[in-house]
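Worksheet: one structure, shown below.
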2 protein chains.
Amino acid sequence: MSRWAPNARERLENAALDLFAENGYEETTVAQIADRAGMNRATFFRHFADKREVLFGGEDVLAGLFADAIRAAPPEATLTECLQAALVAAGVVMTPQLRAAAARRRSVVAANSELQERGLLKHARITTSIAAALRERGTDELTARLGAELVMLAFSIAFERWMTADDDEPFPPFADAALSDLRARAAELILPSRLSA
Amino acid sequence: MSRWAPNARERLENAALDLFAENGYEETTVAQIADRAGMNRATFFRHFADKREVLFGGEDVLAGLFADAIRAAPPEATLTECLQAALVAAGVVMTPQLRAAAARRRSVVAANSELQERGLLKHARITTSIAAALRERGTDELTARLGAELVMLAFSIAFERWMTADDDEPFPPFADAALSDLRARAAELILPSRLSA
(Lines give C-alpha, C1' and ligand atoms only; values in the text may rest on other atoms or scores of the structure.)
Protein backbone atom coordinates (compact mmCIF):
# COMPACT_ATOMS: atom_id res chain seq x y z
CA MET A 1 0.00 0.00 0.00
CA SER A 2 1.52 3.30 -1.12
CA ARG A 3 2.17 6.06 1.40
CA TRP A 4 0.25 8.31 -0.99
CA ALA A 5 -2.81 6.14 -1.33
CA PRO A 6 -5.74 7.90 -2.99
CA ASN A 7 -8.56 9.00 -0.70
CA ALA A 8 -6.35 8.36 2.31
CA ARG A 9 -8.30 10.81 4.47
CA GLU A 10 -11.65 9.31 3.57
CA ARG A 11 -10.41 5.77 4.16
CA LEU A 12 -8.98 6.75 7.56
CA GLU A 13 -12.27 8.43 8.47
CA ASN A 14 -14.29 5.37 7.52
CA ALA A 15 -11.92 2.99 9.29
CA ALA A 16 -12.16 5.16 12.42
CA LEU A 17 -15.97 5.20 12.35
CA ASP A 18 -16.03 1.41 11.91
CA LEU A 19 -13.70 0.88 14.87
CA PHE A 20 -15.41 3.44 17.10
CA ALA A 21 -18.73 1.64 16.46
CA GLU A 22 -17.20 -1.79 17.09
CA ASN A 23 -14.99 -1.08 20.10
CA GLY A 24 -15.79 2.41 21.33
CA TYR A 25 -13.92 5.67 20.77
CA GLU A 26 -11.77 5.51 23.90
CA GLU A 27 -10.66 1.94 23.27
CA THR A 28 -9.58 2.53 19.66
CA THR A 29 -5.98 3.57 18.98
CA VAL A 30 -4.60 5.56 16.07
CA ALA A 31 -2.48 2.51 15.13
CA GLN A 32 -5.64 0.40 14.84
CA ILE A 33 -7.34 3.00 12.65
CA ALA A 34 -4.33 3.23 10.35
CA ASP A 35 -4.06 -0.56 10.20
CA ARG A 36 -7.74 -0.97 9.32
CA ALA A 37 -7.30 1.58 6.52
CA GLY A 38 -4.21 -0.30 5.26
CA MET A 39 -1.79 2.44 6.28
CA ASN A 40 0.64 3.14 9.09
CA ARG A 41 0.52 5.50 12.06
CA ALA A 42 2.79 8.04 10.37
CA THR A 43 0.36 8.32 7.47
CA PHE A 44 -2.49 8.95 9.91
CA PHE A 45 -0.58 11.82 11.47
CA ARG A 46 0.16 13.35 8.07
CA HIS A 47 -3.60 13.77 7.68
CA PHE A 48 -4.84 14.35 11.23
CA ALA A 49 -3.19 15.99 14.23
CA ASP A 50 -4.75 13.56 16.72
CA LYS A 51 -7.43 10.87 17.08
CA ARG A 52 -10.18 13.41 17.67
CA GLU A 53 -9.45 15.21 14.40
CA VAL A 54 -10.36 12.18 12.30
CA LEU A 55 -13.99 12.91 13.16
CA PHE A 56 -13.85 16.57 12.14
CA GLY A 57 -12.23 16.63 8.70
CA GLY A 58 -15.55 17.76 7.20
CA GLU A 59 -15.52 20.91 9.32
CA ASP A 60 -12.22 22.08 7.83
CA VAL A 61 -13.64 21.54 4.34
CA LEU A 62 -16.81 23.48 5.23
CA ALA A 63 -14.85 26.41 6.61
CA GLY A 64 -13.03 26.73 3.27
CA LEU A 65 -16.19 26.39 1.18
CA PHE A 66 -18.10 29.02 3.15
CA ALA A 67 -15.26 31.54 3.13
CA ASP A 68 -14.34 31.01 -0.55
CA ALA A 69 -17.95 31.46 -1.65
CA ILE A 70 -18.23 34.75 0.25
CA ARG A 71 -14.96 35.97 -1.27
CA ALA A 72 -16.17 35.00 -4.75
CA ALA A 73 -19.55 36.76 -4.44
CA PRO A 74 -19.91 39.84 -6.69
CA PRO A 75 -18.90 43.14 -5.05
CA GLU A 76 -22.48 44.41 -5.17
CA ALA A 77 -23.90 41.31 -3.41
CA THR A 78 -26.00 42.08 -0.33
CA LEU A 79 -25.29 40.49 3.04
CA THR A 80 -28.11 38.01 2.48
CA GLU A 81 -26.73 37.09 -0.93
CA CYS A 82 -23.33 36.42 0.61
CA LEU A 83 -24.87 34.16 3.25
CA GLN A 84 -26.87 32.35 0.56
CA ALA A 85 -23.73 31.89 -1.55
CA ALA A 86 -21.93 30.31 1.43
CA LEU A 87 -24.75 27.84 2.04
CA VAL A 88 -25.04 26.97 -1.67
CA ALA A 89 -21.30 26.22 -1.76
CA ALA A 90 -21.60 23.85 1.21
CA GLY A 91 -24.21 21.88 -0.72
CA VAL A 92 -21.47 20.44 -2.93
CA VAL A 93 -20.13 18.21 -0.16
CA MET A 94 -23.49 17.31 1.38
CA THR A 95 -23.70 13.93 -0.34
CA PRO A 96 -25.53 10.76 0.73
CA GLN A 97 -22.10 9.37 1.73
CA LEU A 98 -21.51 12.34 4.05
CA ARG A 99 -24.98 11.92 5.47
CA ALA A 100 -24.34 8.29 6.32
CA ALA A 101 -20.99 9.11 7.91
CA ALA A 102 -22.54 12.01 9.85
CA ALA A 103 -25.17 9.72 11.36
CA ARG A 104 -22.45 7.33 12.54
CA ARG A 105 -20.30 10.17 13.81
CA ARG A 106 -23.16 11.71 15.78
CA SER A 107 -23.52 8.75 18.11
CA VAL A 108 -19.75 8.65 18.78
CA VAL A 109 -19.60 12.38 19.57
CA ALA A 110 -22.76 12.32 21.70
CA ALA A 111 -21.09 9.84 24.07
CA ASN A 112 -17.87 11.81 24.66
CA SER A 113 -17.55 15.31 26.10
CA GLU A 114 -14.01 15.78 24.74
CA LEU A 115 -15.35 15.22 21.25
CA GLN A 116 -18.16 17.67 21.86
CA GLU A 117 -15.60 20.26 22.92
CA ARG A 118 -13.53 19.63 19.79
CA GLY A 119 -16.70 19.98 17.70
CA LEU A 120 -17.43 23.33 19.32
CA LEU A 121 -13.87 24.48 18.64
CA LYS A 122 -14.33 23.60 14.96
CA HIS A 123 -17.69 25.39 14.94
CA ALA A 124 -16.06 28.50 16.44
CA ARG A 125 -13.27 28.40 13.85
CA ILE A 126 -15.71 28.14 10.95
CA THR A 127 -17.65 31.09 12.37
CA THR A 128 -14.42 33.09 12.63
CA SER A 129 -13.45 32.29 9.05
CA ILE A 130 -16.87 33.34 7.70
CA ALA A 131 -16.69 36.61 9.63
CA ALA A 132 -13.17 37.21 8.27
CA ALA A 133 -14.36 36.63 4.68
CA LEU A 134 -17.21 39.10 5.19
CA ARG A 135 -14.83 41.70 6.68
CA GLU A 136 -12.56 41.35 3.64
CA ARG A 137 -15.50 42.54 1.54
CA GLY A 138 -15.71 45.68 3.65
CA THR A 139 -18.55 44.44 5.86
CA ASP A 140 -18.35 46.12 9.26
CA GLU A 141 -17.25 44.09 12.29
CA LEU A 142 -20.67 43.59 13.91
CA THR A 143 -22.47 42.76 10.68
CA ALA A 144 -19.71 40.27 9.82
CA ARG A 145 -20.08 38.54 13.18
CA LEU A 146 -23.86 38.52 13.00
CA GLY A 147 -23.72 37.18 9.44
CA ALA A 148 -21.32 34.42 10.44
CA GLU A 149 -23.56 33.32 13.32
CA LEU A 150 -26.53 33.27 10.94
CA VAL A 151 -24.76 31.09 8.38
CA MET A 152 -23.84 28.64 11.14
CA LEU A 153 -27.33 28.63 12.63
CA ALA A 154 -28.97 28.23 9.19
CA PHE A 155 -26.51 25.45 8.36
CA SER A 156 -27.18 23.65 11.68
CA ILE A 157 -30.94 23.87 11.26
CA ALA A 158 -30.78 22.75 7.62
CA PHE A 159 -28.46 19.90 8.57
CA GLU A 160 -30.76 18.65 11.35
CA ARG A 161 -33.77 18.72 9.03
CA TRP A 162 -31.84 17.06 6.18
CA MET A 163 -30.64 14.26 8.48
CA THR A 164 -34.26 13.29 9.24
CA ALA A 165 -35.50 13.65 5.64
CA ASP A 166 -35.72 10.92 2.99
CA ASP A 167 -32.42 9.47 1.83
CA ASP A 168 -32.40 10.99 -1.62
CA GLU A 169 -33.25 14.58 -0.69
CA PRO A 170 -30.63 17.12 -1.82
CA PHE A 171 -29.28 19.54 0.77
CA PRO A 172 -29.59 22.98 -0.92
CA PRO A 173 -33.38 23.40 -0.51
CA PHE A 174 -32.97 22.76 3.22
CA ALA A 175 -30.30 25.45 3.43
CA ASP A 176 -32.46 27.94 1.52
CA ALA A 177 -35.46 27.24 3.72
CA ALA A 178 -33.49 27.54 6.97
CA LEU A 179 -32.00 30.90 5.98
CA SER A 180 -35.42 32.20 4.86
CA ASP A 181 -36.95 31.05 8.12
CA LEU A 182 -34.24 32.80 10.14
CA ARG A 183 -34.64 36.02 8.14
CA ALA A 184 -38.36 35.97 8.91
CA ARG A 185 -37.52 35.55 12.63
CA ALA A 186 -35.01 38.39 12.46
CA ALA A 187 -37.85 40.67 11.37
CA GLU A 188 -39.37 40.21 14.81
CA LEU A 189 -36.17 41.49 16.30
CA ILE A 190 -36.24 44.86 14.63
CA LEU A 191 -39.75 45.63 15.79
CA PRO A 192 -39.67 48.58 18.17
CA SER A 193 -39.46 47.54 21.80
CA ARG A 194 -41.31 49.27 24.61
CA LEU A 195 -38.35 48.91 26.97
CA SER A 196 -35.90 50.60 24.61
CA ALA A 197 -36.49 54.30 24.49
CA MET B 1 -10.00 26.89 58.37
CA SER B 2 -13.55 25.56 58.20
CA ARG B 3 -14.59 23.25 55.38
CA TRP B 4 -17.51 25.61 54.84
CA ALA B 5 -15.46 28.77 54.59
CA PRO B 6 -17.41 31.76 53.26
CA ASN B 7 -16.71 32.77 49.65
CA ALA B 8 -14.88 29.50 49.11
CA ARG B 9 -15.49 29.55 45.37
CA GLU B 10 -14.23 33.10 44.98
CA ARG B 11 -11.15 32.41 47.08
CA LEU B 12 -10.35 29.30 45.06
CA GLU B 13 -10.80 31.27 41.82
CA ASN B 14 -8.48 34.01 42.99
CA ALA B 15 -5.89 31.57 44.28
CA ALA B 16 -5.99 29.75 40.94
CA LEU B 17 -5.51 32.96 38.95
CA ASP B 18 -2.59 33.93 41.18
CA LEU B 19 -0.89 30.56 40.70
CA PHE B 20 -1.58 30.37 36.97
CA ALA B 21 0.04 33.80 36.58
CA GLU B 22 3.01 32.85 38.75
CA ASN B 23 3.72 29.31 37.53
CA GLY B 24 1.57 28.68 34.48
CA TYR B 25 -1.71 26.81 34.14
CA GLU B 26 -0.20 23.42 33.27
CA GLU B 27 2.28 23.50 36.14
CA THR B 28 -0.29 24.35 38.80
CA THR B 29 -2.03 21.50 40.64
CA VAL B 30 -5.43 21.45 42.30
CA ALA B 31 -3.69 20.74 45.62
CA GLN B 32 -1.63 23.93 45.24
CA ILE B 33 -4.73 26.00 44.45
CA ALA B 34 -6.58 24.63 47.48
CA ASP B 35 -3.55 25.18 49.68
CA ARG B 36 -3.14 28.79 48.54
CA ALA B 37 -6.84 29.39 49.33
CA GLY B 38 -6.38 27.82 52.79
CA MET B 39 -8.45 24.75 51.96
CA ASN B 40 -7.88 21.14 51.00
CA ARG B 41 -8.27 19.26 47.71
CA ALA B 42 -11.60 17.76 48.72
CA THR B 43 -13.03 21.23 49.25
CA PHE B 44 -11.85 22.25 45.79
CA PHE B 45 -13.68 19.30 44.26
CA ARG B 46 -16.87 20.14 46.12
CA HIS B 47 -16.90 23.42 44.19
CA PHE B 48 -15.32 22.52 40.83
CA ALA B 49 -15.32 19.28 38.86
CA ASP B 50 -11.74 19.76 37.63
CA LYS B 51 -8.93 22.30 37.36
CA ARG B 52 -10.34 23.83 34.18
CA GLU B 53 -13.68 24.57 35.83
CA VAL B 54 -12.15 27.00 38.34
CA LEU B 55 -11.79 29.44 35.44
CA PHE B 56 -15.39 29.17 34.30
CA GLY B 57 -17.51 29.56 37.43
CA GLY B 58 -18.77 32.90 36.10
CA GLU B 59 -20.28 31.20 33.06
CA ASP B 60 -22.52 29.00 35.19
CA VAL B 61 -23.72 32.09 37.06
CA LEU B 62 -24.41 33.91 33.77
CA ALA B 63 -26.40 31.00 32.36
CA GLY B 64 -28.70 31.16 35.40
CA LEU B 65 -29.08 34.95 35.30
CA PHE B 66 -29.95 35.02 31.60
CA ALA B 67 -32.47 32.19 31.80
CA ASP B 68 -34.12 33.43 35.03
CA ALA B 69 -34.57 36.93 33.62
CA ILE B 70 -36.27 35.56 30.50
CA ARG B 71 -38.55 33.37 32.62
CA ALA B 72 -39.43 36.38 34.80
CA ALA B 73 -40.26 38.70 31.89
CA PRO B 74 -43.97 39.60 31.61
CA PRO B 75 -45.97 37.27 29.35
CA GLU B 76 -46.58 40.07 26.83
CA ALA B 77 -42.87 40.94 26.53
CA THR B 78 -41.58 40.95 22.94
CA LEU B 79 -38.56 38.92 21.88
CA THR B 80 -36.39 42.03 22.03
CA GLU B 81 -37.63 42.82 25.53
CA CYS B 82 -36.73 39.30 26.66
CA LEU B 83 -33.22 39.64 25.25
CA GLN B 84 -32.86 43.05 26.93
CA ALA B 85 -34.05 41.62 30.24
CA ALA B 86 -31.42 38.87 30.03
CA LEU B 87 -28.63 41.37 29.41
CA VAL B 88 -29.83 43.70 32.18
CA ALA B 89 -29.78 40.77 34.62
CA ALA B 90 -26.19 39.92 33.71
CA GLY B 91 -25.20 43.47 34.63
CA VAL B 92 -25.57 42.59 38.32
CA VAL B 93 -22.41 40.47 38.33
CA MET B 94 -20.38 42.65 35.97
CA THR B 95 -18.45 44.33 38.77
CA PRO B 96 -14.99 45.91 38.73
CA GLN B 97 -13.79 42.78 40.60
CA LEU B 98 -15.11 40.53 37.83
CA ARG B 99 -13.50 42.77 35.25
CA ALA B 100 -10.11 42.49 36.91
CA ALA B 101 -10.43 38.70 37.20
CA ALA B 102 -11.58 38.47 33.57
CA ALA B 103 -8.50 40.29 32.34
CA ARG B 104 -6.26 37.87 34.25
CA ARG B 105 -8.24 34.88 33.06
CA ARG B 106 -8.08 35.96 29.44
CA SER B 107 -4.33 35.61 29.24
CA VAL B 108 -4.42 32.15 30.82
CA VAL B 109 -7.12 30.90 28.45
CA ALA B 110 -5.48 32.42 25.37
CA ALA B 111 -2.39 30.29 25.95
CA ASN B 112 -4.18 26.93 26.25
CA SER B 113 -6.39 25.25 23.65
CA GLU B 114 -8.00 22.91 26.21
CA LEU B 115 -9.20 25.95 28.11
CA GLN B 116 -10.52 27.52 24.93
CA GLU B 117 -12.47 24.33 24.24
CA ARG B 118 -13.91 24.36 27.75
CA GLY B 119 -14.86 28.01 27.30
CA LEU B 120 -16.69 27.15 24.09
CA LEU B 121 -18.52 24.32 25.84
CA LYS B 122 -19.68 26.77 28.51
CA HIS B 123 -20.70 29.26 25.82
CA ALA B 124 -22.74 26.53 24.07
CA ARG B 125 -24.43 25.56 27.33
CA ILE B 126 -25.40 29.15 28.11
CA THR B 127 -26.83 29.47 24.59
CA THR B 128 -28.83 26.27 25.10
CA SER B 129 -30.20 27.47 28.44
CA ILE B 130 -31.29 30.83 26.96
CA ALA B 131 -33.04 29.07 24.07
CA ALA B 132 -34.76 26.72 26.56
CA ALA B 133 -36.01 29.67 28.62
CA LEU B 134 -37.40 31.33 25.47
CA ARG B 135 -39.12 28.09 24.40
CA GLU B 136 -40.75 27.82 27.83
CA ARG B 137 -42.46 31.14 27.07
CA GLY B 138 -43.93 29.63 23.90
CA THR B 139 -41.31 31.09 21.55
CA ASP B 140 -40.94 28.85 18.50
CA GLU B 141 -37.79 26.74 18.13
CA LEU B 142 -36.01 28.84 15.49
CA THR B 143 -36.77 32.18 17.12
CA ALA B 144 -35.56 30.79 20.44
CA ARG B 145 -32.26 29.68 18.90
CA LEU B 146 -31.81 32.93 17.02
CA GLY B 147 -32.61 34.91 20.16
CA ALA B 148 -30.12 32.91 22.21
CA GLU B 149 -27.35 33.50 19.64
CA LEU B 150 -28.15 37.20 19.69
CA VAL B 151 -27.94 37.48 23.47
CA MET B 152 -24.57 35.74 23.38
CA LEU B 153 -23.26 37.88 20.54
CA ALA B 154 -24.52 41.09 22.17
CA PHE B 155 -22.99 40.02 25.47
CA SER B 156 -19.63 39.19 23.84
CA ILE B 157 -19.50 42.51 22.00
CA ALA B 158 -20.54 44.45 25.10
CA PHE B 159 -17.99 42.58 27.19
CA GLU B 160 -15.14 43.29 24.76
CA ARG B 161 -16.01 46.98 24.67
CA TRP B 162 -16.42 47.16 28.44
CA MET B 163 -13.04 45.50 29.01
CA THR B 164 -11.31 48.30 27.09
CA ALA B 165 -13.35 51.14 28.64
CA ASP B 166 -12.45 53.20 31.71
CA ASP B 167 -12.34 51.31 35.00
CA ASP B 168 -15.44 52.83 36.53
CA GLU B 169 -17.80 52.37 33.59
CA PRO B 170 -20.91 50.28 34.43
CA PHE B 171 -21.74 47.35 32.15
CA PRO B 172 -25.47 47.84 31.34
CA PRO B 173 -25.06 50.71 28.83
CA PHE B 174 -22.58 48.57 26.89
CA ALA B 175 -25.09 45.72 26.76
CA ASP B 176 -27.88 48.05 25.60
CA ALA B 177 -25.69 49.54 22.89
CA ALA B 178 -24.50 46.16 21.62
CA LEU B 179 -28.03 44.79 21.33
CA SER B 180 -29.23 47.96 19.58
CA ASP B 181 -26.30 47.77 17.18
CA LEU B 182 -27.09 44.15 16.36
CA ARG B 183 -30.78 44.90 15.82
CA ALA B 184 -29.79 47.60 13.33
CA ARG B 185 -27.58 45.07 11.51
CA ALA B 186 -30.39 42.51 11.50
CA ALA B 187 -32.47 45.01 9.52
CA GLU B 188 -30.03 44.58 6.64
CA LEU B 189 -30.76 40.89 6.69
CA ILE B 190 -34.44 41.17 6.04
CA LEU B 191 -33.96 43.38 3.00
CA PRO B 192 -35.20 41.53 -0.09
CA SER B 193 -32.43 39.65 -1.87
CA ARG B 194 -32.14 39.40 -5.64
CA LEU B 195 -31.05 35.77 -5.42
CA SER B 196 -34.07 34.64 -3.40
CA ALA B 197 -37.19 34.51 -5.54
Side-chain angles (χ1 to χ4, degrees), chain A residues 49 52 73-74 76-85 88 113-125 127 131 139-150 152-154 156-157 160 176-197, chain B residues 49 52 73-74 76-85 88 113-125 127 131 139-150 152-154 156-157 160 176-197:
Chain A
R52 289 200 276 178
E76 68 277 13
T78 63
L79 175 62
T80 300
E81 286 166 350
C82 289
L83 309 191
Q84 286 172 326
V88 166
S113 67
E114 276 198 358
L115 292 174
Q116 288 159 39
E117 291 186 6
R118 181 62 59 96
L120 290 167
L121 187 66
K122 293 286 179 180
H123 183 106
R125 285 189 181 152
T127 310
T139 307
D140 73 89
E141 171 69 21
L142 261 60
T143 305
R145 287 169 69 174
L146 178 62
E149 294 291 350
L150 283 162
M152 294 305 281
L153 189 53
S156 298
I157 290 163
E160 289 160 24
D176 268 356
L179 187 59
S180 295
D181 289 350
L182 284 174
R183 289 174 64 210
R185 275 19 174 239
E188 202 181 325
L189 249 189
I190 61 163
L191 294 174
S193 151
R194 280 157 293 175
L195 287 180
S196 64
Chain B
R52 289 200 275 178
E76 68 278 13
T78 63
L79 175 62
T80 300
E81 286 166 351
C82 288
L83 307 191
Q84 287 171 326
V88 165
S113 67
E114 276 198 359
L115 291 174
Q116 288 160 39
E117 293 187 4
R118 180 63 59 95
L120 290 167
L121 188 66
K122 293 286 179 181
H123 183 106
R125 286 189 181 150
T127 310
T139 306
D140 74 89
E141 171 69 22
L142 260 59
T143 305
R145 287 169 69 173
L146 178 62
E149 293 291 350
L150 284 162
M152 294 305 282
L153 190 52
S156 298
I157 291 162
E160 289 160 22
D176 268 356
L179 187 59
S180 296
D181 289 350
L182 284 174
R183 289 174 65 208
R185 272 29 172 231
E188 202 182 325
L189 248 190
I190 61 164
L191 293 174
S193 150
R194 279 157 295 176
L195 288 181
S196 64

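Residue numbering restarts at 1 for every chain, and letters A, B, ... go by the order of the sequence lines. The structure presented is a predicted model; accordingly, all values stated were derived computationally and were not measured.
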Practice task
Go through B:Glu114, B:Arg118, B:Gln116 and name the one with the most non-hydrogen pairs under 4.5 angstrom from chain A.
Solution key: B:Arg118
Handout entry: B:Leu150 versus chain A, the contacting section by heavy-atom distance below 4.5 Å
Key = side chain
Completion exercise
Rounded to the nearest 0.5 Å, the CD atom of A:Glu117 sits from the NZ atom of B:Lys122 at a distance of 9.5 Å
Exercise for the section: Heavy atoms only, distances under 4.5 angstrom: which of A:Asp140, A:Asp176, A:Leu83 has the most pairs with chain B? Name it, please. Expected result: A:Asp140
Problem - Heavy-atom pairs under 4.5 Å with chain A, option from B:Leu179, B:Leu120, B:Ile157, B:Leu142 with the top count - result: B:Leu142
Problem - Greater than 12 external heavy atoms within 6.0 Å of A:Arg52's CZ - result: yes
Handout entry: Electrostatic pair A:Arg185:B:Glu149 at N-O distance under 4.0 angstrom
Key = no
Practice task
Please report the closest heavy-atom contact between B:Leu79 and A:Glu188, naming both atoms and the distance.
Solution key: CB-OE2, 3.8 Å
Exercise for the section: Find the distance between CD (A:Glu141) and CD (B:Glu160) and round it off to the nearest 0.5 Å. Expected result: 7.5 Å
